[in-house]
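Some notes on the structure that comes next.
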Protein chains: 2
Amino acid sequence: MAVSARRGEPLTLEEICATALRMIDAGGVDSLSMRKLAAELDVNPMSLYHHVDSKTALLQQVCSMVALRLRLPADDGTPWRDQLRALGYAYRSIAQRHPSLWLYVQSHPEALKHDYLLWDVLNRILVAAGVPPERLAHTRKALFTFVSGFVFAECAGILAEQDGPGGAADVDDTFEVAVDLIIAGLSAARP
Amino acid sequence: MAVSARRGEPLTLEEICATALRMIDAGGVDSLSMRKLAAELDVNPMSLYHHVDSKTALLQQVCSMVALRLRLPADDGTPWRDQLRALGYAYRSIAQRHPSLWLYVQSHPEALKHDYLLWDVLNRILVAAGVPPERLAHTRKALFTFVSGFVFAECAGILAEQDGPGGAADVDDTFEVAVDLIIAGLSAARP
DNA sequence: ACCTGAACACCGTTCAAGT
DNA sequence: ACCTGAACACCGTTCAAGT
């Protein structure tokens with residue numbers, strides 16, 4: 001009730017996605033319902049289905065939109081360590097901007113059509129790092145799960161809890177330690 | 001309708017949790033509804049609420065139940081590398097047994113009251129590995145997110161996709177590479 | 001104590017109808 | 001083409017009532 005279904009403009013997909021993302025950021029993916037979204041847009045719930053196939057499709061749309069903002073490091077001569085670091089930080093910054101959505105992305109991998117560009121870039125960096133070809137696929141996947149696992153934990157708020165007698169530690173510092181550990185591991189395998 | 005609400009035995013919490021877990025394993029957390037669970041137990045939906053506060057509380061119960069099965073490596077003299085490896089594999093094997101539930105656990109960390117025992121064991125191993133005290137908390141968290149990130153990706157089915165020209169790679173091998181990489185990274189920091 | 005039926009306030013989505 | 005209202009088949013949960 002109380003959906004005053006009158007508006008001037010004609011309702012675009014962009015508008016729908018943007019509003020959905022705003023609602024997700026504000027209250028989590030679970031708090032987004034087609035009916036509430038419609039109310040927010042001052043539109044009948046069923047109008048949405050004229051622009052979007054289903055709620056799942058809408059979420060997919062929003063996920064892709066956000067994932068597109070990932071800034072991949074260019075293939076200039078930058079040393080592999082710096083490129084790997086840059087990629088890790090870029091990935092993390094996207095998730096930090098929309099933690100609730102990222103929680104959803106991770107547990108619904110089909111929501112993101114695979115970003116082959118990301119894999120290609122990671123591959124290139126690992127080749128530069130001297131990872132032997134037979135271990136390339138494994139290493140690529142391992143690294144991706146490491147970084148996404150960290151970022152995911154951060155989104156879920158696991159990393160912020162109190163520490164032992166050392167007091168609360170800074171999550172930024174933890175991420176740096178994490179990235180350093182990965183780079184050290186990769187460097188060790190390289191003579 | 002059609003819930004033939006007659007049964008002999010008196011419905012226990014264990015029975016509820018076990019059935020819930022079975023349904024989650026079969027169809028994912030999303031497919032579990034209080035009403036379907038009640039139907040499966042041949043009971044009125046409202047009877048469940050006499051044993052459980054809410055659906056969230058029920059899921060929490062099930063998560064704790066499963067998490068309790070984690071086999072932590074004992075504090076014998078085993079070298080830290082072996083202990084760390086054992087912990088990683090133990091953690092993974094739990095998730096592998098109930099992937100859908102684990103997907104939920106990860107995105108709802110409040111569903112698992114923190115397993116301080118796990119943290120303690122990990123701490124002990126890292127001390128044995130020679131991680132300096134000021135980096136202990138960071139390293140512990142980084143490692144945890146690495147392993148849980150890997151396991152999570154495996155649960156979500158991200159790691160099974162086709163690889164480049166090398167054909168499909170074995171996920172077990174990838175996990176081994178991942179653990180090796182972590183151990184190499186830790187070893188590098190140790191003189 | 002333990003269980004139940006009816007009810008409330010929500011969902012996503014279909015479908016026929018309106019402009 | 002674009003939007004709408006009513007309706008269907010679901011949810012989780014409350015509450016008063018039954019044994």
Side-chain angles (χ1 to χ4, degrees), chain A residues 1-24 26-63 100-101 103-104 107-108 110-111, chain B residues 1-24 26-63 100-101 103-104 107-108 110-111:
Chain A
M1 78 248 30
V3 178
S4 79
R6 243 144 334 108
R7 359 179 311 127
E9 325 89 73
L11 188 60
T12 66
L13 181 58
E14 284 72 31
E15 198 185 357
I16 294 175
C17 289
T19 307
L21 181 55
R22 195 163 4 99
M23 290 177 70
I24 290 169
V29 173
D30 288 342
S31 85
L32 179 77
S33 83
M34 296 300 266
R35 294 169 119 108
K36 281 191 215 152
L37 175 57
E40 192 80 10
L41 287 162
D42 195 19
V43 136
N44 184 285
M46 297 318 114
S47 303
L48 299 174
Y49 286 90
H50 216 268
H51 299 86
V52 147
D53 275 350
S54 66
K55 187 183 180 180
T56 309
L58 170 60
L59 283 170
Q60 200 161 325
Q61 196 81 224
V62 176
C63 290
S100 301
L101 183 70
L103 243 45
Y104 176 83
S107 35
H108 299 76
E110 74 282 0
Chain B
M1 72 243 42
V3 178
S4 79
R6 245 147 327 111
R7 0 179 310 128
E9 323 90 73
L11 189 60
T12 66
L13 180 59
E14 284 73 29
E15 200 185 354
I16 294 174
C17 289
T19 306
L21 181 56
R22 193 163 8 98
M23 290 177 68
I24 291 168
V29 174
D30 287 341
S31 86
L32 178 77
S33 83
M34 296 300 267
R35 295 170 119 109
K36 280 189 215 153
L37 175 56
E40 192 81 9
L41 287 162
D42 195 16
V43 136
N44 185 285
M46 297 315 115
S47 303
L48 298 175
Y49 286 90
H50 217 268
H51 298 87
V52 146
D53 275 351
S54 67
K55 186 184 181 181
T56 310
L58 170 61
L59 283 170
Q60 200 161 327
Q61 197 80 224
V62 175
C63 290
S100 300
L101 182 69
L103 241 46
Y104 176 83
S107 36
H108 298 76
E110 74 282 0

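Proteins get letters first, then strands, A, B, ... in listed order; numbering begins at 1 in each. Quick note: numbers below take in every heavy atom, side chains included, and nothing from hydrogens, waters or symmetry partners.
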Nearest listed nucleotide, side chain of [X], among [options]:
X	options	value
L11(B)	dC3(C), dG12(C), dC3(D)	dC3(C)
V43(B)	dT13(C), dG12(D), dT4(C)	dT4(C)
N44(B)	dT4(C), dG12(D), dG12(C)	dT4(C)

Would you kindly give the [atom1]-to-[atom2] distance between [X] and [N], to the nearest whole Å?
X	N	atom1	atom2	answer
L58(A)	dT13(C)	CG	C1'	14 Å
R35(A)	dC10(D)	CZ	C1'	11 Å
K55(A)	dC10(C)	NZ	C1'	12 Å
Y49(A)	dA16(C)	OH	P	17 Å
M34(A)	dC10(D)	CE	C1'	16 Å
L32(B)	dC10(D)	CG	C1'	15 Å
M46(A)	dG12(C)	CE	C1'	8 Å
D30(A)	dC11(C)	CG	P	12 Å

Check whether any side-chain heavy atom of E40(A) sits under 4.5 Å from a side-chain heavy atom of R22(A), and report yes or no.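 Yes, close enough: below the 4.5 Å cut-off.
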
Taking the side chain as every heavy atom from C-beta outward, state whether L103(A) and V29(A) have any pair of such atoms under 4.5 Å apart.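 Answer no - side chains too far apart.
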
Watson-Crick or G-U wobble partner of dC11(C), both distances under 3.5 Å: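 Pair assignment: dC11(C) / none.
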
Which base, if any, makes a Watson-Crick or G-U wobble pair with dA16(D), both distances under 3.5 Å?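 Partner of dA16(D): dT4(C).
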
Measuring from atom NZ of K55(B) to atom CD of Q60(B), what distance do you get when rounded to the nearest 0.5 angstrom?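 Reported value, rounded in 0.5 Å steps: 14.5 Å.
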
Could you grab the distance from atom NE2 of H108(B) to atom CG of D30(A), nearest 0.5 Å is fine?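 Reported to 0.5 Å precision, the distance equals 5.5 Å.
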
OP1 or OP2 of dC3(C) less than 4.0 angstrom from a side-chain nitrogen or oxygen of H51(B), does that happen here?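 Yes, because at least one side-chain N or O of H51(B) sits under 4.0 Å from OP1 or OP2 of dC3(C).
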
Distance check: side-chain N/O of K36(B) vs OP1/OP2 of dC11(D), anything under 4.0 Å?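 The answer is yes; a side-chain N or O of K36(B) sits under 4.0 Å from OP1 or OP2.
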
Distance-only, no hydrogens or angles: does the K36(B) side chain make a donor-acceptor pair with backbone N or O of S31(B) under 3.5 Å?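 Looks like yes, one N/O pair under 3.5 Å.
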
Mind checking S47(A) for me? I need base, sugar-phosphate or nothing, with any heavy atom below 4.0 Å counting as a touch.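 Counting heavy atoms under 4.0 Å across all strands, the contact made by S47(A) includes a base.
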
